[in-house]
Amino acid sequence: MNVIYEDNHIIIVNKDAGEIVQGDKTGDRTLADEVKQYIKEKYAKPGAVFLGTVHRLDRPVSGIVVFARTSKALSRMNEMFKKGEVHKTYHAIVPREAENPTKGMVERQRLDEGITLKHYLTRNERQNRAYAFNRETPGAKLAILDVRRIAMAERLQMLEINLHTGRHHQIRCQLSAIGLPIRGDLKYGAPRSNPDGSICLHARHVEFLHPVSKQQISVTADYPSLSIWDIFRNEA
């Protein structure tokens, strides 16, 4: 576990791909469990440790997860996330060219300049998968994100993504919808998996006003150690 910021009210962790933030049907030990144990040992807490989860990352995704160490911080962080006052930036590795030319491909120049993607997403609970539509669809929710290219390689490119909405699998689904599935993301159209089962989506940076002190918090999480990230490690 890699703690990248902590104080009396919040703690920020760089999550490894494969870790689950909160418990699910697998019963596997969670990142929240690890953080509680870390706090208990570091500060010699005699009883139960309070830890509030204010947001989540999908299991195969890496990067920044913010936890609250006090109830005051938890309630305020929840409100800040709801109002869009927490600014998270993601980096994703995708194919250099669209894997599926029949999809809504984006012109290279426009991606360099940055574009806004708008889709309507539905969620299939049984498949644990989202589907994107270009127009309003019954049961669908509007999903909006900004995306731009920040680095290029021979067969790959790195994109920077900022969310306007927080839908289930939003980044994964919307990038797939324009023919650029995230590397390793078999669920959304990637042709092959990564060796460790991860997908190349990383919650890279977060900025917000501290829920108690009101100081500006700005934190960046190192890329995963998987070799494919080395291609872009010094470029983005």
Quick one: [atom1] on [X] to [atom2] on [Y], what's the gap to the nearest 0.5 Å?
X      : Y      : atom1 : atom2 : value
His119 : Gln170 : NE2   : CD    : 10.0 Å
Leu121 : Thr137 : CG    : OG1   : 9.5 Å
Met1   : Asn14  : CE    : CG    : 11.0 Å
Ile171 : Leu159 : CD1   : CG    : 10.5 Å
Leu74  : His9   : CG    : NE2   : 12.5 Å
Ser193 : Ile199 : OG    : CD1   : 12.0 Å

Is there a path of hydrophobic side-chain contacts, each under 4.5 Å between heavy atoms of I, L, V, M, F, W or Y residues, that connects [X] with [Y]?
X      : Y      : result
Ile12  : Phe81  : yes
Leu111 : Ile182 : yes
Val21  : Leu201 : yes
Val66  : Leu51  : no
Tyr120 : Ile178 : no

Atom [atom1] of [X] with >12 non-hydrogen neighbours under 6.0 angstrom:
X      : atom1 : value
Lys141 : NZ    : no
Lys82  : NZ    : no
Gln22  : CD    : yes

Close aromatic pair by centroid cut-off 6.0 Å: His202 and Tyr90: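 No, too far apart.
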Nearest atoms (heavy-atom pairs only) where [X] meets [Y]:
X      : Y      : answer
Asp28  : Arg59  : OD2-NH2, 2.7 Å
Val94  : Leu180 : CG1-O, 3.6 Å
Ile64  : His55  : O-CE1, 3.5 Å
Leu31  : Glu19  : CD1-OE1, 3.7 Å
Val54  : Ala68  : CG1-CB, 4.4 Å
Thr122 : Phe133 : OG1-CE1, 3.5 Å

Using a strict cut-off of less than 4.0 Å between a Lys/Arg side-chain nitrogen and an Asp/Glu carboxylate oxygen, indicate whether [X] and [Y] qualify as a salt bridge.
X     : Y      : result
Asp58 : Lys187 : no
Lys42 : Glu6   : yes
Arg69 : Asp7   : no
Glu34 : Lys36  : no

Verify the distance criterion only: is there a donor paired with an acceptor across the side chains of [X] and [Y] at less than 3.5 Å?
X      : Y      : answer
Ser75  : Asn78  : no
Thr89  : Asn162 : yes
Arg149 : Gln157 : yes

Using the ring of each side chain (for Trp, its six-membered ring), is Tyr223 parallel, tilted or perpendicular to Trp229, with breaks at 30° and 60°? parallel
Flag, side chain of [X] to backbone of [Y], donor-acceptor distance under 3.5 Å:
X      : Y      : result
Lys15  : Gly63  : no
Arg204 : Ala221 : yes
Arg148 : Ile115 : no

